Protein chains: 2
Amino acid sequence: MVIKAGDLVTKQYFIVKGCLRTYMPDDERDREYIVQFAVEEWWASDYIAYYTNSPATLDVECLEDCILLSIQKKDLESLYLQVDGLESFFLRKLENAFVAFQKRILSNLKETAEQRYEEFIRQYPTIEQRVKNFQIASYLGITPESLSRIRKARQ
Amino acid sequence: MVIKAGDLVTKQYFIVKGCLRTYMPDDERDREYIVQFAVEEWWASDYIAYYTNSPATLDVECLEDCILLSIQKKDLESLYLQVDGLESFFLRKLENAFVAFQKRILSNLKETAEQRYEEFIRQYPTIEQRVKNFQIASYLGITPESLSRIRKARQ
DNA sequence: CCAAAAAGTTGATCTATGGTAAGATATAGC
DNA sequence: GCTATATCTTACCATAGATCAACTTTTTGG
């Protein structure tokens, strides 16, 4: 477990090796809502907590043995001043994440669970191999039972 | 109409006065999916098109008489080099938008339509006054009929 | 290898929300 | 102010996906 809900989040993590998930635990309903998966070359954190300096509401958890690099927000900010183009690099990274989130919001508005599942395996074929179906269901916002039925209907 | 699907998007817009909506038109199903509303002091554009230099997939439309300021992406980028702290300012703006989108994804995963409506009027009380109910329904991902039923049940 | 636990599947039923159509209000243009 | 149009509401029925419970398959740890 890299980040646990309630933690103060001062770091973000670069994934050298492995696969992680970021999710909101909901103890009351005994459920979890997966915000994203992350694999090699991606960055992960609870970015709400990281950007707003508030306690984490999300857990970040390794789904496999992982090698991670971490950087303190403070250190990154002072690096921005020293390394030319670094801030632009992170701006670009954030733009990409923003675009991905907006697409996901649209896909939730427009598409059925089946279409979103098709889109998921089209867009993240390697991730689909590496994570459990019930985790994909959680990412898509449906139950494992529903995903199972969708998968059956597809064959 | 500020941006129309298919346009090349090279500008973003600052709202001095008025209210806009950004939405994906779906002619086939004769529907629209509202990505966001924007009011005074906010910025608007089709940011997917703007960041990825691809043709717009979204419409941006004024819902009232508006006063807008626009800036070319190119000009903004050269201003980044001239005005100290400007890039950080836009990075911060993007962080906030990112956080808002992530919260919306989580709320779609966790909450019922009624809870999302409550959250919407709590978070955007002024916007609720300024836009039509069927547009709020579109933003929430439900039909106007469902929203009407939710509103009735609340009283 | 084998037992236990975890994950996935299936069936029966339930519920939130959608679709359609009609009627009721509100808004805008003359 | 009055008509036309847009918006909102209501009723009835349909459907996607949820829930619950049982069962099967896969994975894991000893």
Side-chain angles (χ1 to χ4, degrees), chain A residues 1 18-19 21 23-34 37 59 61-65 104-121 127-155, chain B residues 1 18-19 21 23-34 37 59 61-65 104-121 127-155:
Chain A
M1 190 75 81
C19 180
R21 63 172 180 153
Y23 64 95
M24 178 173 284
D26 181 348
D27 295 335
E28 266 177 48
R29 289 207 269 169
D30 193 28
R31 281 205 172 189
E32 297 166 352
Y33 307 96
I34 295 187
F37 299 107
D59 290 345
E61 184 193 50
C62 295
L63 299 175
E64 306 170 351
D65 291 341
R104 188 157 164 213
I105 286 172
L106 272 167
S107 122
N108 281 339
L109 291 177
K110 286 184 67 173
E111 282 159 26
T112 62
E114 177 172 5
Q115 290 170 321
R116 281 179 281 137
Y117 178 61
E118 296 285 355
E119 181 63 16
F120 178 81
I121 56 186
I127 292 179
E128 197 236 335
Q129 305 302 317
R130 293 168 79 167
V131 304
K132 298 291 176 191
N133 281 339
F134 75 88
Q135 291 166 339
I136 295 175
S138 166
Y139 177 91
L140 296 174
I142 59 177
T143 58
E145 292 92 335
S146 290
L147 180 56
S148 177
R149 288 182 192 108
I150 287 168
R151 286 163 53 80
K152 189 182 185 188
R154 268 164 43 88
Q155 295 160 15
Chain B
M1 190 76 82
C19 179
R21 62 172 180 152
Y23 64 96
M24 177 172 285
D26 181 346
D27 295 337
E28 267 178 49
R29 289 206 271 172
D30 192 29
R31 281 203 172 188
E32 298 166 350
Y33 307 96
I34 296 187
F37 298 107
D59 291 345
E61 186 193 49
C62 296
L63 298 176
E64 308 170 351
D65 291 341
R104 189 157 163 213
I105 287 173
L106 272 167
S107 122
N108 280 338
L109 291 177
K110 284 184 66 171
E111 284 160 25
T112 63
E114 177 172 4
Q115 291 170 320
R116 282 179 281 137
Y117 177 62
E118 297 284 356
E119 181 64 15
F120 178 81
I121 55 184
I127 293 179
E128 198 237 335
Q129 305 302 317
R130 291 169 80 169
V131 304
K132 301 289 177 192
N133 282 338
F134 74 88
Q135 292 166 338
I136 295 175
S138 167
Y139 176 92
L140 296 174
I142 60 177
T143 60
E145 292 90 339
S146 290
L147 180 56
S148 179
R149 286 177 202 114
I150 288 168
R151 286 163 51 80
K152 188 181 186 190
R154 270 165 42 87
Q155 295 160 16

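Order of the sequence lines sets the chain letters (A, B, ...), proteins ahead of strands, with each chain counted from 1. Since this is a predicted model, take the numbers as computed values, not measurements.
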Handout entry: Interatomic distance, B:Q135 CD vs D:dC8 P [rounded to whole Å]
Key = 8 Å
Problem - All pairs passing salt bridge (Lys or Arg N to Asp or Glu O under 4.0 Å) where residues 108-117 of chain B contributes a residue, at least two apart - result: none
Problem - nucleotides 11-30 of chain C: protein proximity per nucleotide (B base, S sugar-phosphate only, - neither; heavy atom, under 4.0 Å) - result: BB----SBBBB---------
Completion exercise
Taken to the nearest whole Å, CD1/B:I136 to P/D:dT9 is 11 Å
Problem - All side chain to side chain donor-acceptor pair (under 3.5 Å) counterparts of B:E32, not counting sequence neighbours - result: B:R21
Practice task
Measure from CG on B:L63 to C1' on D:dT7 and round the result to the nearest Å.
Solution key: 15 Å
Practice task
Output all residues satisfying side chain to side chain donor-acceptor pair (under 3.5 Å) with B:Y117, sequence neighbours left out; order by chain, then residue number.
Solution key: B:R151
Practice task
Calculate the interatomic distance between A:E32 atom CD and C:dA7 atom P; express it in whole Å.
Solution key: 10 Å
Exercise for the section: With sequence neighbours left out, write down each residue that passes side chain to side chain donor-acceptor pair (under 3.5 Å) with A:N133, or none if nothing qualifies. Expected result: none
Problem - Pairing residues for B:T112 by the side chain to side chain donor-acceptor pair (under 3.5 Å) criterion, not counting sequence neighbours - result: B:Q115
Exercise for the section: May I ask you to test the A:M24-A:D59 pair for a side-chain heavy-atom distance under 4.5 Å? Expected result: no
Exercise for the section: Ignoring backbone atoms, establish whether A:N133 has a side-chain N or O less than 4.0 Å from OP1 or OP2 of C:dG8. Expected result: yes
Practice task
Report yes if a side-chain nitrogen or oxygen of B:R151 is closer than 4.0 Å to either non-bridging phosphate oxygen (OP1 or OP2) of D:dT9; otherwise report no.
Solution key: yes
Exercise for the section: Sequence neighbours left out, what pairs pass salt bridge (Lys or Arg N to Asp or Glu O under 4.0 Å) with at least one residue falling in residues 130-140 of chain B? Expected result: B:E40-B:R130, B:E64-B:R130
Exercise for the section: List in chain and number order the residues that pass side-chain contact (heavy atoms from CB on, under 4.5 Å) with B:F120, two or more places apart in sequence or in another chain; answer none if no residue qualifies. Expected result: B:F37, B:Y124, B:I127, B:E128, B:I136, B:Y139, B:L140
Practice task
State, yes or no, whether a side-chain contact exists between B:R149 and B:S146 at a heavy-atom distance under 4.5 Å.
Solution key: yes
Exercise for the section: Provide, to the nearest angstrom, the distance between the OH atom belonging to B:Y117 and the P atom belonging to D:dC8. Expected result: 10 Å
Problem - Bending between helix ends of the helix from C:dC1-D:dG30 to C:dC30-D:dG1 [5 pairs per end, 10° resolution] - result: 60°
Practice task
Can you tell me the distance, in whole Å, between the CD atom of B:E128 and the C1' atom of D:dT7?
Solution key: 15 Å
